[in-house]
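Take a look at the structure below.
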Amino acid sequence: MEIGKRLRFFYFAYLSYPSRDRIIYRHVVRHLPRNIVEIGLGRGIRAQRLLEVICGRLPADEVLYTGIDLFEACPPQLGQILPLKQVYQKLRHTGARIRLYPGDPAHVLAQRANQLGPVDLLILSRPLGTQSLPKAWCYIPRMLHPDAFIFLEEQAGFNSSFRKWSSEALQAWVESRQASKAA
């Protein structure tokens, strides 16, 4: 691998901003997932960097990236969001196969879960991913590869971070949230 790509990988994994994404970049460099689903893209920067890392080490046509987001329908309090067309233009330059689905994740997964799998890496960004997760959970296990990795963004005070979850641990978390809402 050429030195420029190695330096870029090192930058993403250890120096890039926001720092919460670094754990995902390090994971991607080690495991090279070929089928990625991200719920809650924001401005698409993390997605672009992930695909740059993966497509730098694998043939780009073997990588499938699926993004689910509200895009233009996103409420203003969630921050500045790029329109679907601009996110697609940003991601297609990586060479990976790109699928972007606008809408609430629970509704999109209800329609598309069987077409998405087997997913190697699932990224659930706050707040979009965590709000829809209890409603969408029944669709997620069927689309995951048995050895899939799941990253869920968690809020701690004013900061957020990604935590790696097993599908069993995430299912227990979702069930506990559903039980607390029912009570």
Side-chain angles (χ1 to χ4, degrees), residues 4-5 8-9 11-13 16-25 27-29 32-133 135-137 139-140 142-145 148-153 155 160 162:
K5 286 183 182 178
R8 194 124 171 102
F9 295 158
Y11 169 75
F12 290 156
S16 65
Y17 180 82
S19 60
R20 67 178 175 265
D21 295 343
R22 295 176 191 166
I23 188 173
I24 298 173
Y25 301 140
H27 169 81
V28 164
V29 168
L32 295 174
R34 295 173 189 266
N35 188 353
I36 303 159
V37 172
E38 184 172 10
I39 298 176
L41 276 73
R43 299 188 54 74
I45 295 168
R46 178 179 46 245
Q48 184 179 14
R49 289 176 174 176
L50 284 173
L51 292 173
E52 186 177 325
V53 168
I54 296 168
C55 294
R57 301 185 74 192
L58 290 174
D61 62 340
E62 292 181 14
V63 179
L64 174 61
Y65 175 86
T66 304
I68 301 170
D69 200 296
L70 294 173
F71 296 104
E72 293 89 347
C74 191
Q77 64 266 25
L78 294 182
Q80 186 179 11
I81 306 296
L82 289 180
L84 182 136
K85 184 177 179 180
Q86 289 180 2
V87 172
Y88 180 77
Q89 289 171 344
K90 181 185 283 194
L91 298 180
R92 75 178 172 149
H93 293 295
T94 63
R97 294 177 294 150
I98 306 297
R99 295 188 298 195
L100 298 176
Y101 297 115
D104 177 66
H107 293 104
V108 172
L109 288 175
Q111 295 172 353
R112 308 271 181 197
N114 292 333
Q115 300 166 1
L116 299 178
V119 173
D120 301 319
L121 176 62
L122 175 64
I123 302 168
L124 301 159
S125 295
R126 182 194 56 82
L128 193 59
T130 54
Q131 289 176 350
S132 292
L133 188 57
K135 293 184 275 185
W137 179 253
Y139 305 108
I140 291 176
R142 76 173 77 161
M143 63 186 223
L144 293 176
H145 186 277
F149 290 92
I150 303 166
F151 286 92
L152 175 67
E153 189 175 7
Q155 185 72 29
S160 66
F162 278 99

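- Partners of Thr94 by side chain to side chain donor-acceptor pair (under 3.5 Å), not counting sequence neighbours: none found.
- Looking at Ile45 and Lys90, their side chains come closer than 4.5 Å, going by heavy atoms from C-beta outward.
- In this structure, CG in Leu51 is found 11.0 Å from CG in Leu58, a value given to the nearest 0.5 Å.
- Here the closest heavy-atom approach between residue Ala13 and residue Arg22 is recorded as O-CB, 3.3 Å.
- When all heavy atoms of Lys5 and Gly56 are compared, the pair lying nearest together is NZ-O, 3.9 Å.
- Contact record, Pro102 with Val108: O-CG2, 3.6 Å, taken as the closest heavy-atom pair.
- Considering only heavy atoms from C-beta on, Ile150 comes within 4.5 Å of Leu144 through its side chain.
- Atom CE in Met143 sits 8.5 Å away from atom OG1 in Thr66 (nearest 0.5 Å).
- In this structure, CG in Leu82 is found 10.0 Å from CD in Gln89, a value given to the nearest 0.5 Å.
- By the side chain to side chain donor-acceptor pair (under 3.5 Å) test, Gln48 pairs with no residue at all, sequence neighbours left out.
- In this structure, Val53 and Phe9 approach most closely via the heavy-atom pair CA-CE2, 3.4 Å.
- When the side chain to side chain donor-acceptor pair (under 3.5 Å) test is applied to Arg97, no partner is found at least two apart in sequence or on another chain.
- Scanning all heavy atoms of the two residues, the minimum distance from Gly40 to Ser125 falls at O-OG, 3.0 Å.
- Surrounding NE2 of His93 are more than 12 heavy atoms belonging to other residues, nucleotides or ligands, all under 6.0 Å away.
- Between Tyr101 and Phe71, the shortest heavy-atom contact is O-CE1, 3.7 Å.
- Contacts of Tyr25 classified as ring-ring contact (aromatic ring centres under 6.0 Å, His included), with partners at least two apart in sequence or in another chain: Phe12.
- Evaluation of the side chain to side chain donor-acceptor pair (under 3.5 Å) rule for Arg92 yields no partner, not counting sequence neighbours.
- With hydrogens and angles disregarded, no donor-acceptor distance shorter than 3.5 Å links the side chain of Arg99 to the backbone of Leu64.
- In this structure, the ring-ring contact (aromatic ring centres under 6.0 Å, His included) partners of Phe151, at least two apart in sequence or on a different chain, are His27.
- The shortest distance between side-chain heavy atoms of Ser16 and Tyr11 falls below 4.5 Å.
- The closest side-chain heavy-atom distance from Ile54 to Pro33 is below 4.5 Å.
- Legend: residues meeting side-chain contact (heavy atoms from CB on, under 4.5 Å) with Ser160, ordered by chain and number and at least two apart, are Arg20, Arg126, Glu153, Gln155.
- Distance alone, capped at 3.5 Å, places no donor-acceptor pair between the Asp21 side chain and the Arg46 backbone.
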Could you walk me through whether Asp69 and Leu100 pass side chain to side chain contact (heavy atoms under 4.5 Å, CB included), step by step? CA-CA 8 Å; Asp69 200 296; Leu100 298 176; over 6 Å; no
Mind listing the side-chain donor-acceptor pairs of residues 111-124 below 3.5 Å, one per line with the distance, residues two or more places apart or on another chain?
from, atom 1, to, atom 2, distance (Å)
Arg112, NH1, Gln115, OE1, 3.4
Asn114, OD1, Arg142, NH1, 3.4
Asp120, OD2, Arg34, N, 3.0
Asp120, OD2, Asn35, N, 3.1

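- Within the 4.5 Å cutoff, the side chain of Val28 has no heavy atoms near those of the Ile36 side chain.
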